[in-house]
Amino acid sequence: GAAQARWQLAEMLAQKGEWRQALELYQDIQRFYPYSQSAAKAEKRSCQIMYRLGQFAAAQKCLEQARWLPMAADLALFFPQQMDDEGLWFYAQSQQAAGPPQAALKAYQDYLLQSPAGRYRATALLRLAELCQQLGFQQAGIGHYQELLERYPQDSLATTARLRLAEALF
């Protein structure tokens, strides 16, 4: 239908890097087709694009209103829902960009717990290590660097982890 056609056009614009036009289409999907299957995906992509455009306050507001984010633990028992790897990762990044370091730390920990085969695990471990060190949790930071090196020795981030681990130990 019309919502799907707008979705496809918005995706094409986003792939070309025409973020503002794509954002307008994603927001149109939410506004004109709120009950379509594309609406929740469009909401998520809108938040991501706002973040990419540097509109951090708008992205944070978008995240707070998002229907695809995890709900409070006590409510989750009654309303189970699943967030995909990309959603978890985006949420962690947004917490680092707009929230206090403790919120980012928790978001990256949640990413690692809820996305056991996630494609950003090495990056999450590196960011956790950096945040731990920033917050004064040196041993935890060292542990995250070591875990990154053990689990992802061939990842391009392993070199950075080795350097930072050496700096933390000496």
Side-chain angles (χ1 to χ4, degrees), residues 1-72 75-76 79-132 134-135 144 148 152 155-157 159-161 164:
Q4 185 61 28
R6 285 180 191 242
W7 172 265
Q8 290 172 347
L9 181 56
E11 286 291 292
M12 287 176 20
L13 289 168
Q15 287 175 358
K16 291 181 179 179
E18 297 177 20
W19 303 112
R20 293 187 193 287
Q21 295 93 330
L23 179 59
E24 288 177 20
L25 285 171
Y26 290 127
Q27 290 172 334
D28 283 350
I29 293 168
Q30 294 170 69
R31 187 173 31 255
F32 299 122
Y33 310 100
Y35 301 109
S36 72
Q37 291 181 337
S38 302
K41 294 189 303 184
E43 181 179 40
K44 181 174 159 182
R45 292 290 281 151
S46 293
C47 295
Q48 291 172 329
I49 289 175
M50 288 175 197
Y51 178 73
R52 185 176 294 259
L53 291 172
Q55 300 172 358
F56 299 120
Q60 187 66 30
K61 185 176 180 182
C62 181
L63 284 169
E64 289 167 0
Q65 297 172 346
R67 292 172 287 188
W68 50 271
L69 287 178
M71 61 182 65
L75 294 177
F79 301 99
Q81 71 185 57
Q82 187 74 11
M83 189 190 309
D84 65 5
D85 182 61
E86 291 291 327
L88 286 166
W89 180 247
F90 174 65
Y91 182 72
Q93 286 183 304
S94 68
Q95 289 301 305
Q96 186 169 10
Q102 295 85 349
L105 188 74
K106 170 131 180 36
Y108 285 120
Q109 289 170 336
D110 289 346
Y111 173 81
L112 290 170
L113 288 172
Q114 296 177 33
S115 193
R119 68 184 243 201
Y120 304 105
R121 290 184 64 81
T123 306
L125 285 167
L126 183 67
R127 292 198 180 156
L128 268 174
E130 293 168 347
L131 284 165
C132 284
Q134 176 186 342
L135 293 169
H144 291 303
L148 191 158
Y152 308 100
D155 193 285
S156 61
L157 297 175
T159 304
T160 303
R164 299 227 176 110

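Nothing here was measured: the structure is a model prediction, and the numbers come from that model.
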Would Asp110 and Lys106 satisfy side chain to side chain contact (heavy atoms under 4.5 Å, CB included), going step by step from the backbone distance to the final call? CA-CA 6 Å; Asp110 289 346; Lys106 170 131 180 36; 2.9 Å; yes

Test Met50 against Gln27 for side chain to side chain contact (heavy atoms under 4.5 Å, CB included), laying out the working first. CA-CA 11 Å; Met50 288 175 197; Gln27 290 172 334; 3.4 Å; yes

Evaluate the criterion side chain to side chain contact (heavy atoms under 4.5 Å, CB included) for residue pair Arg45 and Gln48; output intermediate values, then yes/no. CA-CA 5 Å; Arg45 292 290 281 151; Gln48 291 172 329; 3.2 Å; yes

I would like to know whether Trp7 and Lys41 meet side chain to side chain contact (heavy atoms under 4.5 Å, CB included); could you show each step before the answer? CA-CA 9 Å; Trp7 172 265; Lys41 294 189 303 184; 3.5 Å; yes

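Closest approach of Cys62 and Ser46 over heavy atoms only: SG-C, 4.4 Å. Shown here for Trp19 and Ala14, the closest heavy-atom pair between the two residues is CH2-O, 3.4 Å. Of all heavy-atom pairs between His144 and Leu125, the closest is CB-O, 3.6 Å. Between Leu105 and Cys132, the shortest heavy-atom contact is CD1-SG, 3.7 Å. When all heavy atoms of Ala39 and Pro34 are compared, the closest pair comes out as CB-O, 3.4 Å.
Looking at Arg121, its side chain does come within 3.5 Å of a backbone N or O of Ser115 through a donor-acceptor pair. With hydrogens and angles disregarded, a donor-acceptor distance shorter than 3.5 Å links the side chain of Tyr111 to the backbone of Tyr120.
Other residues, nucleotides and ligands contribute over 12 non-hydrogen atoms within 6.0 Å of the CZ atom of Arg31.
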